[in-house]
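This report concerns only the one structure given below.
The figures here come from the full heavy-atom set of this structure, side chains too, leaving out hydrogens, waters and symmetry mates. These figures come from a predicted structure and were not determined experimentally.
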Amino acid sequence: MSEARIVRAPRGKELNARGWQQEAALRLLMNNLDPEVAKDPDNLIVYGGKGKAARTWEDFDEIVNMLKELYSDETLIIQSGRPQGAFKTTKDSPRVIIVNAQIVPRWATDDIFWELERKGLTMFGQMTAGSWIYIGTQGVLQGTYETLWALAKQEFGSESLKGKWVLSSGLGEMGGAQPLATTMNDGVGIFIDVDQTKIDRRIKGKYLDMEAKSIEEALRIKDEYLSKGKPVSIGVLGNAATLYRKLADMKICPDVVTDQTAAHDLNLGYIPEGYTVETAEEFRKSNPEQYRKEVYESIVKETKAILEFKKMGSKVFDYGNNLRTRAKEGGLNNAFEIPGYVPAYIRDLFSIGSGPFRWVALSGEKDDIFAIDEAIKYHLGYDEHLVKWLNLAKEKVKFQGLPARICYASYGQREKIGLIINDMVRDGKVKAPVAIGRDHHDTGSVASPFRETENMKDGSDAIADWPIINALLNAISGATWVSVHHGGGTGIGNSIHSGFVLVADGSKEAEEKIKRVLNADPGLGVIRHADAGYDKSKELIAKGVKFKRPYFK
Ligand code: NAD
């Protein structure tokens, strides 16, 4: 049952619970449902399809009550978005443990899972929705920025996309980050969307610089900016299948090609050629079978064009939307010649324990985040890429809900950043404690053969021991809350992943926990990748990082 109510995290230094650990969980649960943050807060949906923060409003209220009552040596148990009780544990134990959407593997199909969900027996928690550490679009912006930067380094031997241009499509919730991530990397980009309102929204929000009236005009603007060496993002109204085909026929060769339409969803996510959003809706209702057939035909047409761009020399990749899978289902047998973005560009980062690390100012004060930005720039100033991101983020990112910052930080850097933050809380340089966490899409915390663990060197794509070890290790190391989820990112049956949040309250105890958790968590990622045969991970271990490894291949 849905209910209209506005939830917003408390701000300031006053506690509503018996300690900052419980308070942090309370504030971040509420923050996930803040209308500035959540996609559909009335239905408790935070992001990513039906990724929820709690199973029902009754469960939400009970979680809030229990967190307020919870003592600092007790642990609250959340089972698929429902609080099932609390136990006396220890001061160093997590205050909350969360397990969402687990289902015995033989039953782990969409049909069975969603039937159980309709019966109210489980909840889909996506990655950071049900684990209470979603921070809005800054996350996808930074991930896209990082992917394009890694691509520039690997493919063009450059620290930026200066002088290069990107062709992509889809300006929706996630895909809308592409234009800004491109210009933040100093590149030029043309972005196609079939929906005028999406283009208008991205221009209004300053994620997209301008709209061209035709693909020809977009190409002219692109050339003008490339010749001046300036970044720009250009939107074009149209269907990706039609316009990719047209560009391939014109023998235009973009430097980079991808797609972020919601092609994973054959019903709503990909509009077939020749239709607008409105006419597609009528078509879908009147003849669903023919509709699906035409969706497949368009996806195949677009994917064929991408393969031609690849032959001409473009760097192409699948951006986690299952375009390749759909094209293959539609009969294009060589669709998987397009690499996935993780094996192509992110794996090198994962193998050194790098991934989307984040922190949230529980005070609600923007200045706390800006002060931490400055301290990190001072202490980690040698990392020019990190400094560049922090500067750009301050200038371009609008906070949603509690102010937060995300950055890709590697093994070693995460512990340093955690300690810097804890010292700042202790010294009163920020106004309240800070919650430190990360996405489940990370180095040692996810098994997802269509995305994060696609094409592992040793074939261990589907081995799901690692996220479970990760959660257990973070729990015994002193994380404030720990979560294990199923199905985030790539859907039911396709992934198992884990996460944690750790509160820096300035205390000596928090310092010890930071040293343990922020060493163990990315350290496990390094070990996981060394075990799979990645040289960068083995080199890091050989250099004597702070964990023991009895052997590596
Ligand atoms: P969305 O539904 O919000 O947006 C999709 C956009 O594509 C819409 O603006 C729509 O108008 C446009 N579109 C649909 N068909 C089109 C066509 N034929 N030509 C041009 N435009 C078309 O989806 P989203 O949240 O932006 O997610 C996009 C995809 O990215 C999804 O498949 C999602 O699962 C995937 N995803 C990937 C990552 C990642 O890490 N790489 C993360 C999250 C989501």
Side-chain angles (χ1 to χ4, degrees), residues 6-16 20 23-39 41 46-47 128 132-146 176-177 180-181 184 204-207 356-381 386-409 414 416-439 480 501-506 510:
I6 305 267
V7 175
R8 196 166 175 263
R11 268 70 171 160
K13 284 177 91 154
E14 206 175 304
L15 285 176
N16 302 277
W20 270 108
E23 181 74 20
L26 181 79
R27 290 191 188 191
L28 289 187
L29 162 66
M30 289 182 159
N31 193 56
N32 265 13
L33 293 171
D34 185 321
E36 272 184 30
V37 177
K39 173 177 155 183
V46 183
Y47 79 102
T128 50
W132 314 339
I133 184 70
Y134 183 66
I135 57 167
T137 50
Q138 188 179 172
V140 66
L141 177 65
Q142 210 267 340
T144 313
Y145 169 81
E146 211 66 41
L180 184 53
M184 284 170 116
K204 192 162 171 251
K206 299 196 171 16
Y207 269 59
F357 188 55
R358 59 188 62 179
W359 49 94
V360 182
L362 296 173
S363 63
E365 301 279 342
K366 290 181 196 160
D367 286 346
D368 282 2
I369 294 297
F370 297 145
I372 296 170
D373 285 347
E374 291 309 311
I376 293 172
K377 283 194 277 177
Y378 178 79
H379 290 285
L380 280 80
L386 176 59
V387 170
K388 181 178 172 190
W389 161 257
L390 292 173
N391 287 335
L392 284 168
K394 183 172 180 187
E395 184 192 328
K396 313 246 180 199
V397 171
K398 191 171 159 280
F399 294 126
Q400 294 165 267
L402 289 171
R405 183 66 79 226
I406 180 168
C407 71
Y408 261 60
R414 299 198 202 194
K416 270 192 199 128
I417 293 174
L419 292 173
I420 292 168
I421 293 174
N422 199 52
D423 286 352
M424 292 178 77
V425 178
R426 182 196 59 209
D427 298 343
K429 292 187 176 147
V430 292
K431 292 177 198 71
V434 173
I436 299 171
R438 59 159 173 77
D439 199 349
T480 310
V501 178
L502 174 58
V503 176
D505 62 4

Gap separating the [atom1] atom of [X] from the [atom2] atom of [Y], nearest 0.5 angstrom:
{"X": "Leu26", "Y": "Asn16", "atom1": "CG", "atom2": "CG", "value": "6.0 Å"}
{"X": "Glu374", "Y": "Asn391", "atom1": "CD", "atom2": "CG", "value": "7.5 Å"}
{"X": "Ile421", "Y": "Ile376", "atom1": "CD1", "atom2": "CD1", "value": "5.5 Å"}
{"X": "Glu23", "Y": "Leu28", "atom1": "CD", "atom2": "CG", "value": "10.0 Å"}
{"X": "Arg11", "Y": "Leu402", "atom1": "CZ", "atom2": "CG", "value": "4.5 Å"}
{"X": "Leu386", "Y": "Tyr408", "atom1": "CG", "atom2": "OH", "value": "13.5 Å"}

For the side chain of [X] and the backbone of [Y], is there at least one donor-acceptor N/O pair under 3.5 Å apart?
{"X": "Thr144", "Y": "Ala177", "value": "no"}
{"X": "Arg27", "Y": "Ala9", "value": "no"}
{"X": "Trp359", "Y": "Ile369", "value": "no"}
{"X": "Gln138", "Y": "Val397", "value": "no"}
{"X": "Gln400", "Y": "Thr137", "value": "yes"}

For this session: Using a cut-off of 6.0 Å, state whether more than 12 heavy atoms not belonging to Lys377 lie near its atom NZ.
Result: yes
Exercise. More than 12 foreign heavy atoms under 6.0 Å from NZ of Lys429: is that the case here?
Worked result: no
If you look at every heavy atom in [X] and [Y], which pair is closest and at what distance?
{"X": "Pro403", "Y": "Glu365", "result": "CG-C, 3.7 Å"}
{"X": "Asn422", "Y": "Asp505", "result": "OD1-N, 3.4 Å"}
{"X": "Tyr134", "Y": "Val46", "result": "CD2-CG1, 3.4 Å"}
{"X": "Ala504", "Y": "Val425", "result": "O-CG2, 3.6 Å"}
{"X": "Lys431", "Y": "Lys13", "result": "O-CG, 3.1 Å"}
{"X": "Pro35", "Y": "Val7", "result": "CD-O, 3.4 Å"}

Problem set entry | Criterion side chain to side chain contact (heavy atoms under 4.5 Å, CB included) on Phe357 and Arg405, from CA distance to verdict | CA-CA 9 Å; Phe357 188 55; Arg405 183 66 79 226; over 6 Å; no
Exercise. Of all residues at least two apart in sequence or in a different chain, which pass the side-chain hydrogen bond (donor to acceptor under 3.5 Å, both in side chains) check with Tyr47?
Worked result: Thr128
For this session: With side chain to side chain contact (heavy atoms under 4.5 Å, CB included) as the test, would you mind laying out the steps for Ile436 and Val501 before giving the verdict?
Result: CA-CA 6 Å; Ile436 299 171; Val501 178; over 6 Å; no
Exercise. Can you pull the side-chain hydrogen bond (donor to acceptor under 3.5 Å, both in side chains) pairs that have at least one residue in residues 29-38, sequence neighbours excluded?
Worked result: none
For this session: Decide yes or no on side chain to side chain contact (heavy atoms under 4.5 Å, CB included) for Arg358 and Ile133, but give the supporting numbers first.
Result: CA-CA 9 Å; Arg358 59 188 62 179; Ile133 184 70; 3.7 Å; yes
For this session: Step by step, work out the side chain to side chain contact (heavy atoms under 4.5 Å, CB included) result for Leu180 and Tyr145.
Result: CA-CA 8 Å; Leu180 184 53; Tyr145 169 81; over 6 Å; no
For this session: Would you indicate whether the side-chain heavy atoms of Thr480 and Trp20 approach each other to under 4.5 Å?
Result: no
For this session: Check whether any side-chain heavy atom of Met184 sits under 4.5 Å from a side-chain heavy atom of Leu141, and report yes or no.
Result: yes
